[in-house]
Amino acid sequence: MTTSFGPSYVRAIAPYIAGKPISEVAREFGLDEANIVKLASNENPLGMPESAKRAMAQAASELGRYPDANAFELKAALSERYGVPSDWITLGNGSNDILEIAAHAFVEKGQSIIYAQYSFAVYALATQGLGARAIVVPAVKYGHDLDAMLAAVTDDTRLIFVANPNNPTGTFIEGPKLEAFLDKVPRTVAVVLDEAYTEYLPAEKRYDSIEWVRRYPNLLVSRTFSKAFGLAGLRVGFAIAQPELTDLLNRLRQPFNVNTLAQAAAIAALNDKAFLDKSAALNAQGYRRLTEAFDKLGLEYVPSDGNFVLVRVGNDDAAGNRVNIELLKQGVIVRPVGNYGLPQWLRVTIGLPEENEAFIAALEKTLATA
Ligand SMILES: Cc1ncc(COP(=O)(O)O)c(C=O)c1O
């Protein structure tokens, strides 16, 4: 029986597939949770910074009250760090929340939103969720084709999502190319530049997107505390944009979308430069180790600037799922990406050295017996 509840464009949405939790894999495969390695959700393998844990413990006594709806202190800390006024900042319950709010704030049902093939799944969800029309621009070498994205703009386009680095492919667009793109995007079209992994970029690849926000009134830069800052479970993200866009976001944002503990932890994490540096260094080291192992195994991978790598584990469309199951049996959780149209690939989050070794050993064993 087909349901008649809800709009047809909502019924058409394929639900988001999250990384499997450790407890679920333990139950399903009869494994001990302590021996399971999870490299499936691009989390920081160092966990939360100690500074954030201390800040949360202090804030815990405030939990009988609602959070500060304007997050005065967190916005002040972000304002100081990024050199923009507080009223250019919007907080989100994770940056997913920002992406979703932006789509609803800038686009009407029936208008179009542009994003790249193989880009972050939430762009499609946000587009479909409001009954907008998706214009999906074919990727080039698994990354964004900015010229084609510009050429795809139509009269009813109101938003372009750009992820840099991109998830799940890890591809990176150099600053000057992005700047040239922003210069050409019509001012009636908002650009959400999703920089969830920006803190992992090496110094030579960095560019100043906050300076672009000052220059382009249609640009929104989205960042998160979930990755390099180590606070994925707390759900804090933020947007930086000029007041016209920020004001729209704030009209739609739920007033208490970032809770008290999350606000306190985010301030601490923002100021914990040592943790951030350690996270980036560990990631770079893990990337070298994983890609060296892929080279040795003769596996193709997409060069990545995120905290994960996309690796091709076979040449048939069942390969991703097949290898994934074998890895799960050995207690290693990675992410199959068939739902992204990449059924021959797996996305592996870069872990602690011992986690990377466990994954490599399990992969070698799987491929040797395949
Ligand atoms: C490109 C990109 N943007 C946004 C997010 C959302 O992260 P969060 O909602 O935890 O901030 C992710 C998470 O995987 C991502 O990969």
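Whatever order the structure lists ligands and atoms in, that order sets their numbers, starting from 1.
- Annotation: atom 10 (O) of ligand 1 to nearest protein heavy atom, Ser226 OG, 2.6 Å.
- Among all non-hydrogen protein atoms, the one lying nearest atom 13 (C) of ligand 1 is Lys227 NZ, 3.1 Å.
- Residue Tyr197 places a heavy atom under 4.0 Å from ligand 1.
- Two residues are said to be in side-chain contact when any heavy atoms from C-beta on lie closer than 4.5 Å; Phe172 and Tyr197 fail this criterion.
- Taking every non-hydrogen atom of Gly94 and a distance limit under 4.0 Å, the qualifying atoms of ligand 1 come out as 9 (O), 11 (O).
- The aromatic rings of Phe294 and Phe359 stand perpendicular to each other, their planes meeting at an angle above 60°, with 30° marking the opposite boundary.
- Taking a cutoff of 4.0 Å between a charged side-chain nitrogen and a carboxylate oxygen, Lys38 and Glu355 do not qualify as a salt bridge.
- Not a single N or O atom of Tyr123, backbone or side chain, sits closer than 3.5 Å to an N or O atom of ligand 1.
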Before you tell me yes or no, could you show the steps for Gln330 and Thr366 under side chain to side chain donor-acceptor pair (under 3.5 Å), namely the whole-Å CA-CA distance, both residues' side-chain angles and the distance that decides it to 0.1 Å?
CA-CA 9 Å; Gln330 296 171 77; Thr366 301; 3.0 Å; yes
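- Remark: minimum distance from atom 3 (N) of ligand 1 to any protein heavy atom is reached at Asp194 OD2, 2.6 Å.
- Ligand 1 has an N or O atom lying under 3.5 Å from an N or O atom of Arg235, backbone or side chain.
- If you look at Ser95 next to ligand 1, the close heavy atoms, those under 4.0 Å, come from the backbone and the side chain alike.
- The single protein non-hydrogen atom nearest to atom 12 (C) of ligand 1 is Phe120 CZ, 3.4 Å, given as residue, atom name and distance.
- Cation-pi geometry between Arg347 and Phe308 is satisfied (NZ or CZ under 6.0 Å from the ring centre, within 45° of the ring normal).
- Within a 6.0 Å radius of CD in Glu354, other residues, nucleotides and ligands contribute more than 12 heavy atoms.
- Taking the six-membered ring for Trp and the full ring otherwise, Tyr340 and Tyr118 have centroids separated by 6.0 Å or more.
- Per-residue contacts place Asn167 under 4.0 angstrom from the following atoms of ligand 1 (heavy atoms of the residue considered): 1 (C), 14 (O), 15 (C), 16 (O).
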